[in-house]
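A quick write-up on the structure given underneath.
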Amino acid sequence: MLFYPGQIRHYLEDKCLYATAIVFGQSEPHFELSPVADSLSQQSYVEVINTAYQHGFMNRLSKGYDAKGYRQYTAYLAHKLQNHSIK
């Protein structure tokens with residue numbers, strides 16, 4: 001499970017070998033998100049999740065922190081881990 005991995009845009013040619021969920025904020029400050037998310041979503045083992053939250057929404061020390069998003073995706077993460085249900 002990856003949360004807003006900004007550097008992933010440099011590794012789009014690499015293929016995931018294991019089930020991977022990638023959670024993006026609504027935008028990224030250093031690149032256009034849509035082409036990156038579209039490219040990643042074409043991979044067999046990748047689940048791309050676009051959120052309405054800002055980059056950093058899971059980090060209480062970030063300007064982008066969002067308590068609602070944090071609760072939502074903490075619950076999502078717990079559910080996925082409990083059920084081993086990442087794509």
Are I22 and Y11 connected in a single hydrophobic cluster, I mean Ile/Leu/Val/Met/Phe/Trp/Tyr linked by side-chain heavy atoms less than 4.5 Å apart? no

Would L2 end up clustered with F31 when hydrophobic side chains under 4.5 Å apart are linked, directly or stepwise? yes

More than 12 heavy atoms of other residues, nucleotides or ligands under 6.0 Å from NZ of K15: is that the case? yes

H30 atom NE2, over 12 foreign heavy atoms within 6.0 Å: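 No - once you tally the heavy atoms of other residues, nucleotides and ligands closer than 6.0 Å, there are 12 at most.
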
Distance (rounded to the nearest 0.5 Å) between [X] [atom1] and [Y] [atom2]:
X   : Y   : atom1 : atom2 : value
F57 : Y70 : CZ    : OH    : 11.0 Å
Y76 : I49 : OH    : CD1   : 3.0 Å
F3  : N59 : CZ    : CG    : 12.0 Å
Y73 : T51 : OH    : OG1   : 5.5 Å

Please check this pair: side chain of S41 against backbone of D38, looking for a donor-acceptor N/O pair closer than 3.5 Å. yes

Partners meeting side-chain contact (heavy atoms from CB on, under 4.5 Å) with N50 (sequence neighbours left out): F24, L33, A37, V48

Considering only heavy atoms from C-beta outward, does the side chain of M58 approach that of Y53 to under 4.5 Å? no

Are R9 and E28 close enough that some pair of their side-chain heavy atoms sits under 4.5 Å apart?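 The answer is no; the side chains never approach within 4.5 Å.
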
Please report the closest heavy-atom contact between C16 and T20, naming both atoms and the distance.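 That closest heavy-atom pairing would be SG-OG1, 3.8 Å.
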
Which heavy atom in H55 sits nearest to a heavy atom in S27, and how many Å separate them?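 Looking at all heavy atoms of both residues, the shortest contact is CB-O, 4.2 Å.
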
